Amino acid sequence: MSAILEVKGLEVAYGHIEAVKGIDFSLNEGEITSLVGANGAGKSTTLLALSGLIKKRAGSVIFDGEDLTRLPAHKIVERGVVQVAEGRAILTTMTIRENLELGAYTRRDRANVASDLEMVFTLFPRLLERVDGLAGNLSGGEQQMLAIGRALMAKPRLLLLDEPSMGLAPIIVQGIFRTLREINSKGLTIFLVEQNVRQALKIAQRGYVLENGEIALSGNGRDLLDNPRVLEAYLGA
Ligand code: ATP
């Protein structure tokens with residue numbers, strides 16, 4: 001397995017609050033990697049730093065051999081590193097179709113947009129059923145599907161997700177995670193940030209546990225699920 005993304009010594013601070021304290025991690029191409037941890041551990045901050053949406057104090061980000069460390073956010077998206085927004089950030093007064101088309105707007109290969117729209121509807125038939133309805137009328141789970149669909153329309157090579165399970169019922173979360181696996185099985189590399197430690201590690205080939213801005217543990221997703229420290233701290237054992 002080769003690393004498609006390599007992060008070294010990443011540090012991010014908000015004023016004098018050091019949120020991420022020099023972490024190293026890598027993502028293997030074609031795998032799901034989960035970054036889990038408690039509220040405030042620094043997970044969202046790590047993701048924002050990868051997307052170029054927040055300033056890094058130190059460290060480097062290499063994606064597919066290219067140094068992205070100092071690239072602005074829009075250039076990072078152009079390289080294929082696409083984040084599904086937390087809280088979904090869909091445009092509620094636009095239709096589902098319009099939201100999905102917006103996802104594709106930075107693309108140059110217009111010819112493939114129609115077939116990718118088909119692909120999103122195959123993954124999420126519910127979105128097709130409501131394609132001309134307003135996004136604001138969708139349920140929370142459907143909005144999350146739309147947010148993922150919109151990110152897929154940007155033709156990612158690496159998909160970043162910040163807490164897709166947030167605020168959703170367990171049965172809906174299971175559906176979302178099943179779909180992430182399906183997307184991954186078609187070859188897309190996924191980096192998943194989650195507080196839902198059990199589900200996130202279950203679908204991950206590799207996992208990292210973040211505590212107070214530092215990587216406390218790493219390993220195969222299933223092995224981490226059996227780790228006594230993970231069981232005790234995150235799974236209520
Ligand atoms: P959550 O699941 O709540 O999003 P997280 O693991 O993603 O948690 P971060 O949101 O990355 O954690 O926060 C890491 C630390 O940085 C916390 O101590 C948080 O209070 C602090 N922090 C986050 N955003 C800001 C901000 N805009 N200004 C100041 N401090 C912040």
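Since the model is a prediction, treat every value here as computed from it, not as a measurement. In each ligand, atom 1 is the first atom listed, and ligand 1 is the first ligand listed.
Of all atoms in ligand 1, listed by their number and element, those nearer than 4.0 Å to a heavy atom of A38 are 6 (O). Residue contact check: E163 has heavy atoms under 4.0 Å from atoms 2 (O) of ligand 1. Every atom of ligand 1 is numbered from 1 in the order shown, and the set under 4.0 Å from a heavy atom of K43 is 2 (O), 5 (P), 6 (O), 7 (O), 8 (O), 11 (O), 12 (O). For ligand 1, the atoms sitting less than 4.0 Å from at least one non-hydrogen atom of Q195 are 2 (O), numbered in the order shown with element in parentheses. Taking every heavy atom of A41 and a limit of under 4.0 angstrom, the matching atoms of ligand 1 come to 5 (P), 6 (O), 12 (O).
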Distance-only criterion, 3.5 Å: show the donor-acceptor pairs between side-chain atoms of residues 171-182 and protein atoms not counting sequence neighbours.
| unit_1 | atom_1 | unit_2 | atom_2 | d |
| --- | --- | --- | --- | --- |
| T179 | OG1 | G175 | O | 2.9 |

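A chain of hydrophobic side-chain contacts below 4.5 Å, direct or via other Ile, Leu, Val, Met, Phe, Trp or Tyr residues, connects I190 to L146. In the hydrophobic clustering of this structure, V81 does not group with M153; members are Ile, Leu, Val, Met, Phe, Trp, Tyr whose side-chain heavy atoms approach within less than 4.5 Å, directly or through other members.
The option with the heavy atom closest to atom 11 (O) of ligand 1, from among T45, L35, V12, is T45. Here atom 12 (O) of ligand 1 lies nearest to G42 when heavy atoms of G42, G213, A49 are compared. Comparing N39, L210, L47 against atom 1 (P) of ligand 1, the shortest heavy-atom distance belongs to N39.
In this structure, CG in L201 is found 11.5 Å from CD1 in I32, a value given to the nearest 0.5 Å. Put simply, CG on L152 and CE on M145 are 13.0 Å apart, with the number rounded to the nearest 0.5 Å. With values rounded to the nearest 0.5 angstrom, R206 atom CZ is found 11.5 Å from S34 atom OG.
Residue A19 has no nitrogen or oxygen atom sitting less than 3.5 Å from a nitrogen or oxygen atom of ligand 1, judged on distance alone. For ligand 1, the polar-atom distance check finds no N/O of I17 at less than 3.5 Å from any of the ligand's N/O atoms.
In this structure, G37 has no heavy atom closer than 4.0 Å to ligand 1. For G15, the closest heavy-atom approach to ligand 1 does not fall below 4.0 Å.
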Exercise. Given salt bridge (Lys or Arg N to Asp or Glu O under 4.0 Å), test R79 with E66 step by step and report yes or no.
Key: CA-CA 9 Å; R79 299 302 191 276; E66 186 187 1; 3.0 Å; yes
Exercise. Could you go through the salt bridge (Lys or Arg N to Asp or Glu O under 4.0 Å) check for R97 and D132 one step at a time?
Key: CA-CA 6 Å; R97 185 190 300 281; D132 294 313; 3.6 Å; yes
